[in-house]
Amino acid sequence: QVQLVESGGGLVQAGGSLMLSCAASGRTFSTYTMGWFRQAPGKEREYVAAISRTGDGTSYAVPVKGRFTISRDNAKNTVYLHMNSLKPEDTAVYYCAAALSVRYVHQEQEYDYWGRGTQVTVSS
């Protein structure tokens, strides 16, 4: 069982930056592939980024590639999402998720555990 708690969301102006954190409980954090997803008002939840167990592999959705960076610190049981050059269309609730075994990192059904989310609002 893994519990995930996101933090770091807030209100930021377009062009600004935010760093989200996701703290995981348990001693097996390093055995999970970690992902970030987001859900904007009135839209379905969508994939943002993922990182491998050791952190040497990352993947990004096209809309955020080059602006967002996912990283993890297995010693701290934490995964991060560094968001730069934020746009109003990045406004959403951001969720982190953990997967023991994943084939397609962009598919949310592959993930076993989810946090409750943190709100990110980007003003124009």
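In this text, all values refer to a predicted model and were calculated from it rather than measured experimentally.
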Query - Partners meeting side-chain contact (heavy atoms from CB on, under 4.5 Å) with S52 (sequence neighbours left out) - result: T54, D56

Report summary line: Between T78 and A23, the two heavy atoms sitting closest are OG1-CA, 4.2 Å

Query - Pairwise distance CG(D90) to OG1(T121) - rounded to 0.5 angstrom - result: 11.0 Å

Report summary line: By ring pair (Phe, Tyr, Trp, His ring centres under 6.0 Å), Y95 pairs with (sequence neighbours left out) none

Report task. Could you list the residues that satisfy side-chain contact (heavy atoms from CB on, under 4.5 Å) with Q107, not counting sequence neighbours? Result -> Y104, Q109, E110

Query raised in the report: With E46, which residues qualify under salt bridge (Lys or Arg N to Asp or Glu O under 4.0 Å), at least two apart?
Result: R38

Report summary line: By salt bridge (Lys or Arg N to Asp or Glu O under 4.0 Å), E108 pairs with (sequence neighbours left out) R45

Report task. Output every pair passing disulfide (SG to SG under 2.5 Å) with a member in residues 80-124, not counting sequence neighbours, ordered by first then second residue. Result -> C22-C96

**Report entry** Nearest heavy atoms of A14 and S124, plus distance in Å
**Finding:** CB-CA, 4.3 Å

Query raised in the report: With sequence neighbours left out, what residues match Y111 under side chain to side chain donor-acceptor pair (under 3.5 Å)?
Result: none

**Report entry** Pairs involving residues 35-80, ordered by first then second residue, that meet disulfide (SG to SG under 2.5 Å) (sequence neighbours left out)
**Finding:** none

Query raised in the report: With a cut-off of 6.0 Å (strictly less than), are more than 12 heavy atoms of other residues, nucleotides or ligands near CD of Q3?
Result: no

Query raised in the report: Short question: side chain of T118, backbone of G9 - any donor-acceptor pair under 3.5 Å?
Result: yes

**Report entry** T58 OG1 to R72 CZ distance, which is reported to the nearest 0.5 Å
**Finding:** 12.0 Å

Requested in this report: May I have all residue pairs that pass side-chain hydrogen bond (donor to acceptor under 3.5 Å, both in side chains) and include part of residues 9-22, sequence neighbours excluded?
Outcome: S17-N84

Query raised in the report: Just wondering, do S59 and H106 contact through their side chains at under 4.5 Å, heavy atoms?
Result: no

Report task. Please identify each residue that fulfils salt bridge (Lys or Arg N to Asp or Glu O under 4.0 Å) with R53, with sequence neighbours left out. Result -> none

Report task. Could I get the full list of side-chain contact (heavy atoms from CB on, under 4.5 Å) partners for S101, not counting sequence neighbours? Result -> none

Query raised in the report: Hey, does the side chain of E6 reach the backbone of G117 with a donor-acceptor pair shorter than 3.5 angstrom?
Result: yes

Query - Cluster companions of I51 among Ile, Leu, Val, Met, Phe, Trp, Tyr (side-chain spacing under 4.5 Å) - result: V2, L4, V12, L18, L20, F29, Y32, M34, W36, V48, Y60, V64, F68, I70, V79, L81, M83, L86, Y94, L100, Y113, V120, V122

